[in-house]
Amino acid sequence: MRYFTADLHFCDDYTIIYSRRPFKNAKQYDKFMIKRLNKTAKKDDIIYVCGDFFDCDGKEYDLYLKAASYVKKIKAKLFLIIGNNEERIIKYFFDNNYEKFRSYCLELGFIDVQKSIILNFGARTFYLVHEPLATNSKYINLFGHIHSGGSYRSYGINVCVDANYFRLWSESDILDYLDWKTKWMDHDANINII
């Protein structure tokens, strides 16, 4: 099974406050989130993280090193899509060298790291990217970055943990959601989709 999420922001107390996550601190959130990921996704499953597994606000902000240890704590295989926080890590700690960062992540245990990817399932084609501004109009987009900005946008689905109350989206969740949207939302004259 394949699962989707974004904006985990492990080890970052500021994200707990900024995103109004219902946790005392990052330590409590991290413990909860790793347990939830492991309860949902099993060893042979893949979790596609659409950016910001890590957090980084500047060159003195090396919390990514602590979060790196979490990769081995997660049972499922992890596939990382580069987010704006990973971009900062690449800039400040990997000499602005994407391949150097990618190699580091592969050594940690990620099965791959890409800037975006295209996946097919349920007779549909999906484009996975971090930021909504980088979405591709040819596909159904799965993205993060906007945190609790709601799940659906006209250009795709926000798979951020904040938009799905800290749950992973499965392939079937995505397909069911799209079917529901087609059946109900697209035909409701009272709904104005942004």
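- Residue Val159 is tested with Asn164, Ile174, Leu128 for a side-chain contact (heavy atoms from CB on, under 4.5 Å); the sole match is Ile174.
- Less than 6.0 angstrom separates the ring centroid of Phe121 from the ring centroid of Phe126.
- Checked by atom type and distance alone, the side chain of Arg102 pairs as donor or acceptor with a backbone atom of Val113 at under 3.5 Å.
- Considering only residues two or more places apart in sequence or on other chains, Asp45 meets the side chain to side chain contact (heavy atoms under 4.5 Å, CB included) condition with Met1, Tyr3, Ala41, Lys42, Ala76.
- Applying the salt bridge (charged side-chain N to carboxylate O under 4.0 Å, His left out) definition to pairs two or more places apart or across chains, those involving residues 115-128 are Arg124-Asp179.
- With hydrogens and angles ignored, the 3.5 Å screen pairs no side-chain donor or acceptor of Glu107 with any backbone N or O of Tyr104.
- Side-chain N/O atoms of Asn85 and Asp52 include a donor and acceptor closer than 3.5 Å.
- With hydrogens and angles ignored, the 3.5 Å screen pairs no side-chain donor or acceptor of Asp62 with any backbone N or O of Leu65.
- Checking Asp162, Asp12, Val161, Asp7 one by one against Ser19, the side-chain contact (heavy atoms from CB on, under 4.5 Å) holds for a single residue, Asp162.
- Using cut-offs of 30° and 60° for the angle between ring planes, the Tyr18 and His147 rings count as perpendicular.
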Applying side-chain hydrogen bond (donor to acceptor under 3.5 Å, both in side chains), run through Tyr70 and Asp30 and close with a yes or a no. CA-CA 9 Å; Tyr70 293 174; Asp30 294 354; 2.9 Å; yes
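- Within the model, atoms OH of Tyr92 and CG of Asp57 stand 9.0 Å from one another, a figure rounded to the nearest 0.5 Å.
- Here the closest non-hydrogen pair linking Asn96 and Lys91 is OD1-CA, 3.6 Å.
- Here the straight-line distance linking atom CZ of Phe101 with atom CD1 of Ile89 works out to 5.0 Å at 0.5 Å rounding.
- Considering only heavy atoms from C-beta on, His145 comes within 4.5 Å of Pro132 through its side chain.
- Atoms CG and CD, from Asp112 and Gln114 in turn, are 4.5 Å apart once rounded to the nearest 0.5 Å.
- Around NZ of Lys59, the count of heavy atoms belonging to other residues, nucleotides or ligands within 6.0 Å does not exceed 12.
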Under the ring pair (Phe, Tyr, Trp, His ring centres under 6.0 Å) rule, what do Phe54 and Phe93 come out as? Steps first, then yes or no, please. CA-CA 13 Å; Phe54 300 103; Phe93 301 102; over 10 Å; no
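- A 6.0 Å sphere centred on CZ of Arg36 holds more than 12 heavy atoms belonging to other residues, nucleotides or ligands.
- For Phe110 and Phe53, the distance between ring centers is under 6.0 angstrom.
- To the nearest 0.5 Å, the span separating CD1 on Ile146 from SG on Cys160 amounts to 8.0 Å.
- Atom CG of residue Leu37 and atom NZ of residue Lys73 lie 12.5 Å apart, to the nearest 0.5 angstrom.
- Within a 6.0 Å sphere centred on CZ of Phe32, other residues, nucleotides and ligands contribute more than 12 heavy atoms.
- Distance check, rounded to the nearest 0.5 Å: SG of Cys50 to OH of Tyr127 gives 11.0 Å.
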